[in-house]
Trainee: 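Handing you a structure now.
Atoms within each ligand, like the ligands themselves, are counted from 1 in listed order.
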Amino acid sequence: MKYLTEYRDSHLVKAVMAEVSRKITHPWVIMEICGGQTHSIMKSGLDQLLPTGLELVHGPGCPVCVTSLEMIDKALAIASRQDVIFTSYGDMLRVPGSQGDLFSVRAAGGDVRVVYSSLDAIKIAQDNPSKQVVFFAIGFETTAPANAMSVIQAQTLGLDNFSLLVSHVRVPPAMHAILGSPNNRVQAFLAAGHVCTVMGYWEYGPIADKYRVPIVVTGFEPLDIAQGILSAIQQLEDGSHIVENAYSRVVSYEGNLPAQKMIGQVFEECDQKWRGIGMIPSSGWRLKPDFAGFDAAERFEVQRISPAESAICIAGQILQGLKKPVECPAFANPCTPEHPLGATMVSSEGACAAYYRYGRST
Ligand code: SF4
């Protein structure tokens, strides 16, 4: 299959990684931002091909993992209401809140449904006019355009029983937060190709300049990631720090302008809490005042949220590249995908789930 088979060709991947081995003369730490890239690395065994001295650390680009505990608890409270049909991506149903998850709400009688997009939730709202339909609008720049479109569509249709529980996050402020931390270990980034498909990569130049780090826009197949690593290593060894696009078959500098326009029409920037990391300035999107009527957090007053995170979960440090999943004392026992203590063990993009699924114990 074009653009798939050849990007999984193990001979080509090994050849690129051999070139990485020839280039490298110093120890370096590179962060792949996206959890989808983390899973691809583990699944393909790319981590086993890294030369001595090169460490990959896993970034916060897993939307399920970084949705704040307060927001999960809010979702549980809203989903428990008799008058609500709560709709969500499937991954979110097992994410632990302070007390239970959306599966346990469903088991207790709540109407919690899995959908593929907010536009599915619009249809459910049309079909159930006597119910309030809430969509859990989580995610990065990738999911925001469709969620913005659903609000416009609900407004056009005059739907007054549809709303979003919004918890959107943005990548560039998280990169600032990681690089600006006194504990930072990251010396180069593989930027998330799908986020850049929407947003382009014009936001990354100032970050590369300010912190003097190479940033390589990178795809998701093993050869994409190997090429991203090679570009980053070349820059690190040369002492340069520019933004390169190693995913040019998909990503352009300016990105998808209609999608960006749609986001700007409906959302505005806000400070956002990231699970395990804390508040990052300007790292989220919320509904603009003109669309406040579609804000589930406003529509349903949720009282007495006092989140309580697992005391042993170190997901926050993993998402900042400070630790690896196997350094968590709970990894694999008692924390497993069936009985997760933290969101990074739940998500199909979570680093802990990737290590568990692909049998990495070191
Ligand atoms: S293994 Fe479980 S408890 Fe440990 S960091 Fe990962 S999600 Fe948290």
Trainee: Ring centres under 6.0 Å, that's the criterion: do F140 and H168 meet it?
Mentor: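 So the answer is no for these two rings.
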Trainee: What atoms of ligand 1 come closer than 4.0 angstrom to any heavy atom of I318?
Mentor: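 Answer for ligand 1: 5 (S).
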Trainee: Enumerate the ring-ring contact (aromatic ring centres under 6.0 Å, His included) contacts for residues 221-248, please, sequence neighbours excluded, ordered by first and then second residue.
Mentor: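 Applying ring-ring contact (aromatic ring centres under 6.0 Å, His included) to every pair that reaches into residues 221-248, excluding sequence neighbours, yields nothing.
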Trainee: Within the supplied structure, the quantity of interest is the number of heavy atoms (other residues, nucleotides, ligands) at a distance under 6.0 Å from Y116 OH; does it exceed 12?
Mentor: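 Incorrect, the count does not exceed 12.
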Trainee: Sort by chain and number the protein N/O/S atoms that are closer than 2.8 Å to atom 2 (Fe) of ligand 1, and list them.
Mentor: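 N, O, S partners closer than 2.8 Å: C335 SG.
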Trainee: Who pairs with E203 by salt bridge (Lys or Arg N to Asp or Glu O under 4.0 Å), at least two apart in sequence or on another chain?
Mentor: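 Applying salt bridge (Lys or Arg N to Asp or Glu O under 4.0 Å) to E203 gives R170.
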Trainee: Using the test salt bridge (Lys or Arg N to Asp or Glu O under 4.0 Å), find all partners of E221 that sit at least two apart in sequence or belong to another chain.
Mentor: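 Once residues adjacent in sequence are excluded, the partners of E221 under the salt bridge (Lys or Arg N to Asp or Glu O under 4.0 Å) criterion are R8.
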Trainee: Does atom CZ (R212) have a neighbourhood of more than 12 heavy atoms from anything else shown, all under 6.0 Å?
Mentor: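 Atom CZ in R212 is not crowded, with 12 or fewer foreign heavy atoms closer than 6.0 Å.
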